[in-house]
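Presented below is the structure to which this report refers.
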Amino acid sequence: MKAFILSVGDELVLGQTVDTNSAWISQQLSAMGCDILAHKTVGDDQSMIAAAISEAAALVDLLLVSGGIGPTEDDLTRQALAGVLNVPLEMNDTWLAKLDEFFKQRARAMPPSNKIQAMIPQGATMLDNPAGTAAGIRAAIQRAAGAPCEIFVVPGVPKEMKAMFELHIRAFVKQQTGGAVILQKKLNTFGMGESWVAEKLGDLMKRDRNPSVGTTVAGGMVSLRVNARFESLDRAEHEMVKTVEACAEKLGDLICSEDEVTLAEVVAVLLREKHLQVATAESCTGGLLAKMLTDIPGSSAYFKTGFVTYSNQAKYERLGVSMEIINLYGAVSETVVDAMSRNTLRLAKADIALAISGIAGPDGGSPAKPVGMVCIAMAYKTEARTVEAVARTFNFPGDREMIRDRSAKMALSMLRYRVLGTKMPF
């Protein structure tokens with residue numbers, strides 16, 4: 001079953017409101033085995049809405065329209081649908097009575113404009129709205145080939161849309177798909193680029209494969225999106241497990257989490273399991289690493305303390321980093337972050353300490369040390385209770401926010417591999 005999702009509203013087209021309805025509807029439909037052909041957004045223009053309905057109805061089995069059925073002059077979806085069906089609007093007495101009762105219970109007279117919410121195209125079916133005053137609409141358009149396109153029109157208000165989806169649409173879709181499902185899983189990686197990840201996955205990313213594997217990038221994380229489309233839940237779950245295991249075999253520990261679990265949450269679990277405590281010393285990230293670590297509830301179990309030593313003087317006064325090495329090597333150097341991490345480990349009496357110093361920009365770069373150059377060090381106690389440290393230099397692309405974010409995540413990644421006891425693959 002193929003579906004098209006149409007959102008209506010000037011506020012959506014102009015970017016004044018984010019269209020969360022389409023994302024939610026897509027998630028619900030795909031979980032029931034429905035393929036989503038496209039999302040489309042149009043403004044409050046009757047001819048544009050009608051054109052979008054006609055276009056979509058010719059391509060799919062199911063068209064869901066949200067928005068444009070309120071009581072004001074800019075709510076034109078019902079009129080557009082009636083025009084496409086080539087029928088007039090007619091009053092639905094059942095819904096008109098419900099509207100009248102709605103206003104009576106609130107001791108208010110119903111404004112004449114609200115009566116339009118009880119009007120639907122002739123021959124269409126009125127859909128009860130348990131959460132609002134706009135009646136939904138169900139209609140069908142015969143296609144040139146195949147079965148008619150079923151059309152459901154619901155309000156744009158998310159609460160009302162969701163209530164009507166559960167009441168009128170879910171059972172219909174399940175019946176049409178016959179129990180088929182599309183399971184989705186996201187595998188998150190950090191540290192290597194999208195093209196490298198794709199090359200390692202090889203044939204797993206072939207477009208005719210089921211389950212399919214694709215990649216997306218957000219916040220410096222390269223995520224694998226696995227979609228399993230099968231006729232039953234059991235088969236989909238079985239094939240999903242096989243594909244996830246195949247991806248893990250290709251990428252190993254580069255996969256750091258699944259779905260919406262963050263890198264910081266993964267690190268938090270590892271630190272708790274190993275009963276380790278960490279401390280931080282930050283310059284260019286200004287406490288962002290400490291924030292990521294302490295955003296997790298219960299972080300007091302593994303987070304000892306954090307230092308924000310933005311200036312050279314603070315590095316000297318708070319951490320005891322020698323001004324001699326700062327002047328000799330520069331604040332953005334592996335030598336300085338090595339000293340920052342070792343001294344932080346000692347001062348905090350922690351098991352592991354992370355230190356970051358870099359050039360986040362937009363100014364401050366030079367040919368030798370450009371914007372985006374960041375040095376990160378990690379000092380830690382070995383099993384023999386000696387102290388060792390590793391320092392790395394990275395060059396992160398992007399603006400100030402991106403550089404700071406990637407710096408903190410790279411520090412978390414270094415921490416993760418240390419606690420896992422494995423070597424970083426990059």
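Screening Asn129, Asn92, Thr133 against Gln117 for a side-chain hydrogen bond (donor to acceptor under 3.5 Å, both in side chains) leaves a single residue, Thr133.
A heavy-atom distance below 4.5 Å is not found between the side chains of Asp74 and Asp10. For the pair Val8/Asp44, a side-chain contact is recorded, criterion being any heavy-atom separation below 4.5 Å from C-beta on. Side-chain contact check for Arg404 versus Arg400: some heavy-atom pair is nearer than 4.5 Å. Within the 4.5 Å cutoff, no side-chain heavy atoms of Pro211 are placed close to those of Lys185. When side chains are defined from C-beta on, Cys247 counts as touching Leu204, because their heavy atoms get closer than 4.5 Å. Looking at heavy atoms from C-beta onward, Gln79 lies in side-chain contact with Leu89 at the 4.5 angstrom threshold. Contact of the Thr77 side chain with the Ile137 side chain is not registered, since no non-hydrogen atoms from C-beta on lie closer than 4.5 Å. Using a 4.5 Å heavy-atom threshold, the side chains of Thr262 and Met221 count as separate.
Counting heavy-atom neighbours within 6.0 Å of Lys200 NZ, excluding the residue itself, gives a total of 12 or less. No more than 12 heavy atoms of other residues, nucleotides or ligands shown are found within 6.0 angstrom of NZ on Lys2. By the neighbour-count criterion of 12 heavy atoms within 6.0 Å, atom CD of Glu237 is densely surrounded, having more than that number from other residues, nucleotides or ligands. Heavy-atom neighbours of Phe394 CZ from other residues, nucleotides or ligands within 6.0 Å: above the threshold of 12. Counting heavy-atom neighbours within 6.0 Å of Gln16 CD, excluding the residue itself, gives a total above 12. When the shell of 6.0 Å around NZ of Lys291 is examined, it contains 12 or fewer heavy atoms from other residues, nucleotides or ligands. Around atom CD of Gln142, more than 12 heavy atoms belonging to other residues, nucleotides or ligands sit under 6.0 Å away. More than 12 heavy-atom neighbours from other residues, nucleotides or ligands sit within 6.0 angstrom of CG on Asp259.
No side-chain N or O of Ser232 forms a donor-acceptor pair with one of Asp234 less than 3.5 Å apart. Between the side chains of Ser407 and Thr285, no donor N or O sits under 3.5 Å from an acceptor N or O. If you check the side chains of Thr382 and Thr386, you find a donor sitting under 3.5 Å from an acceptor. Looking at Ser30 and Gln184, their side chains do bring a donor and an acceptor atom within 3.5 Å of each other.
Panel note: side chain Lys304, backbone Lys349; a donor-acceptor pair is recorded below 3.5 Å. At least one donor-acceptor pair under 3.5 Å links the side chain of Asn21 to the backbone N or O of Gly156. A donor-acceptor pair is defined here as one N or O able to donate and one able to accept, closer than 3.5 Å; no such pair exists between the side chain of Glu265 and the backbone of Ile296. In terms of modelled atom types and a separation under 3.5 Å, the side chain of Ser413 and the main chain of Lys409 share no donor-acceptor contact. Side-chain N or O atoms of Lys315 include one that pairs as donor or acceptor with a backbone N or O of Tyr310 at under 3.5 Å. For Arg392 (side chain) and Val374 (main-chain N/O), no donor-acceptor pair under 3.5 Å exists by modelled atom type. Distance alone, capped at 3.5 Å, is enough to place a donor-acceptor pair between the Asn343 side chain and the Leu319 backbone. Side-chain atoms of Glu282 come within 3.5 Å of backbone atoms of Leu288 as a donor-acceptor pair (strictly under, hydrogens ignored). Remark: side-chain polar atoms of Tyr302 are not paired, donor with acceptor, to backbone N or O of Val267 under 3.5 angstrom. Looking at Arg406, its side chain never comes within 3.5 Å of a backbone N or O of Gly372 through a donor-acceptor pair.
Atom OG of Ser47 is separated from atom CG of Leu76 by 9.5 Å, given to the nearest 0.5 angstrom. In this structure, CG in Asp351 is found 8.0 Å from CG in Leu345, a value given to the nearest 0.5 Å. With rounding to the nearest 0.5 Å, the separation of CG in Leu270 from OH in Tyr417 is 11.5 Å. Atoms CZ and CZ, from Arg209 and Arg207 in turn, are 11.0 Å apart once rounded to the nearest 0.5 Å. Taken to the nearest 0.5 Å, the CZ atom of Arg170 stands 4.5 Å off from the CE atom of Met32. Here the straight-line distance linking atom CD1 of Ile25 with atom CG of Leu62 works out to 9.5 Å at 0.5 Å rounding.
For Asp399, there are no side chain to side chain donor-acceptor pair (under 3.5 Å) partners at least two apart in sequence or on another chain.
Salt bridge Arg229/Asp35: present, at least one basic N to carboxylate O contact under 4.0 Å. Looking at Asp61 and Arg143, a side-chain N of the basic residue comes within less than 4.0 Å of a carboxylate O on the acidic one, giving a salt bridge. Between Glu239 and Lys242, at least one side-chain N (NZ, or NE/NH1/NH2) sits under 4.0 Å from a carboxylate O, which counts as a salt bridge.
Taking all atoms of both residues into account, the shortest heavy-atom contact from Val266 to Ser257 is CG2-CB, 3.6 Å. Of all heavy-atom pairs between Ala124 and Ile120, the closest is O-CD1, 3.5 Å. For Pro130 against Ala163, the heavy-atom pair with the smallest separation is CG-CB, 4.0 Å. For the pair Val13 and Val42, the tightest heavy-atom approach, listed with the atom from each and the gap, is CG2-C, 3.4 Å.
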Mind running side-chain contact (heavy atoms from CB on, under 4.5 Å) on Met292 and Leu263 for me, showing each step along the way?
CA-CA 9 Å; Met292 289 181 176; Leu263 186 54; over 6 Å; no
Should Val222 and Met192 be marked as a side-chain contact (heavy atoms from CB on, under 4.5 Å) after you check the CA-CA gap, both sets of side-chain angles, and the distance that decides it?
CA-CA 8 Å; Val222 177; Met192 298 301 294; over 6 Å; no
side-chain contact (heavy atoms from CB on, under 4.5 Å) assessment of Ile69 paired with Asp75
CA-CA 5 Å; Ile69 54 173; Asp75 290 306; 5.9 Å; no
Before you tell me yes or no, could you show the steps for Asp128 and Lys98 under salt bridge (charged side-chain N to carboxylate O under 4.0 Å, His left out), namely the whole-Å CA-CA distance, both residues' side-chain angles and the distance that decides it to 0.1 Å?
CA-CA 10 Å; Asp128 181 44; Lys98 290 192 71 169; 2.8 Å; yes
Leu64 and Val154: CA distance, side-chain angles, deciding distance, side-chain contact (heavy atoms from CB on, under 4.5 Å) verdict
CA-CA 8 Å; Leu64 265 65; Val154 295; over 6 Å; no
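Ring centroids of Trp196 and Phe426 are separated by 6.0 Å or more, keeping the two rings apart.
Arg138 forms a cation-pi arrangement with Phe172, by the criterion of a distance under 6.0 Å to the ring centre and an angle within 45° of the ring axis. By the 6.0 Å and 45° rule, Arg418 stacks over the aromatic ring of Tyr380.
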